[in-house]
Amino acid sequence: MAEASYDPSNIFAKILRGEIPSHRVYEDDAMVAFMDVMPQGPGHTLVVPKAPSRNLLDADPSTLGPLFTVVKQVAQAVKKAFGADGVTVLQFNEPASGQTVYHLHVHVIPRFEGIALKPHTGQMEKPEVLAENASKIRAVLNG
Ligand code: AMP
């Protein structure tokens, strides 16, 4: 079967172009980080390279170092911002793996002892909660 190709009408490409809103916590020349609208826990953040690729499988390797540099910064920031005990980092490739948005991204989720993750793409969080959580993360990143 032919490999699926990158579709620039995906929702993260629209967020990167500013066509739909997001609760951004970080941006540089190559990366953006914003709140997941269906968080698996409080502070669930997505780190997204601006360079187009469906996922890790077709990504330019030069994207991955800068991506994981930002993933590390965001992981440290969410751990501090939410007083978390740990951080889960997740990344899905193609539908069989659970991927639902076909623009490379990494999930960064604060974790607390004894508290399970909520389901992937479960319930929408209230915009005011996402805005407050984003401001907590920004305060650490910019602090
Ligand atoms: P994945 O299954 O790894 O492709 O994850 C896609 C993630 O994007 C899911 O966790 C969704 O909750 C999240 N998501 C979908 N639409 C949006 C959106 N407009 N803004 C922020 N996060 C989104």
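Basis for what follows: all heavy atoms, side chains included, without hydrogens, waters or symmetry-related copies. Just so it is clear, the structure is predicted and the values come from calculations on it, not from any experiment. In each ligand, atom 1 is the first atom listed, and ligand 1 is the first ligand listed.
- With contacts defined as side-chain heavy-atom distances shorter than 4.5 Å, the pair Val106/Leu90 does not qualify.
- Distances shorter than 4.0 angstrom occur between a heavy atom of Met35 and an atom of ligand 1.
- Residue contact check: Leu46 has heavy atoms under 4.0 Å from atoms 8 (O), 22 (N) of ligand 1.
- Remark: ligand 1 atoms within the under-4.0 Å shell around heavy atoms of His107 are 1 (P), 3 (O), 5 (O), 7 (C), 10 (O).
- Atom numbering of ligand 1 starts at 1 in the shown order; those under 4.0 Å from a heavy atom of Val101 are 4 (O), 6 (C).
- A salt bridge links Arg17 with Glu19: at least one charged nitrogen is closer than 4.0 Å to a carboxylate oxygen.
- In this structure the side chain of Ile15 reaches within 4.5 angstrom of the side chain of Ser22, judged on heavy atoms.
- Between His105 and ligand 1, at least one pair of N/O atoms sits closer than 3.5 Å.
- For the pair Val78 and Lys80, the minimum side-chain heavy-atom distance is 4.5 Å or more.
- For ligand 1, none of its N or O atoms has an N or O atom of Ile20 under 3.5 Å away.
- Within a 6.0 Å radius of NZ in Lys79, no more than 12 heavy atoms belonging to other residues, nucleotides or ligands are found.
- The nearest non-hydrogen atom to atom 2 (O) of ligand 1, considering only Gln40, His120, Gln91, comes from His120.
- Within ligand 1, counting atoms from 1 as listed, the ones closer than 4.0 Å to a heavy atom of Phe92 are 3 (O).
- Side-chain contact between His23 and Val37 is absent, with no heavy-atom pair separated by less than 4.5 Å.
- If you look at Phe34 and Tyr26, their ring centroids are not closer than 6.0 Å.
- Ile15 counts as a contact of ligand 1, since one of its heavy atoms falls under 4.0 Å from the ligand.
- Among all protein heavy atoms, the one lying closest to atom 7 (C) of ligand 1 is Asp36 OD2, 3.5 Å.
- Some N or O of Gly98 is nearer than 3.5 Å to an N or O of ligand 1, by distance alone.
- Distance from atom 8 (O) of ligand 1 to its nearest protein heavy atom, with residue and atom name: Phe12 CZ, 3.3 Å.
- Residue, atom and distance of the protein heavy atom nearest to atom 14 (N) of ligand 1 are Val37 CG2, 3.9 Å.
- Of all atoms in ligand 1, listed by their number and element, those nearer than 4.0 Å to a heavy atom of Thr100 are 1 (P), 2 (O), 4 (O), 5 (O), 6 (C).
- For the side chain to side chain contact (heavy atoms under 4.5 Å, CB included) with Met31, the lone residue among Thr69, Thr63, Val74 that qualifies is Thr63.
- Taking only nitrogen or oxygen atoms, main chain and side chain alike, Gln99 does not reach within less than 3.5 Å of ligand 1.
- Heavy-atom neighbours of Glu128 CD from other residues, nucleotides or ligands within 6.0 Å: above the threshold of 12.
- Using 4.0 Å as the threshold, Tyr102 has no heavy atom nearer than that to any atom of ligand 1.
- Ring to ring, Phe92 and His105 are not that close: their centroids are 6.0 angstrom or more apart.
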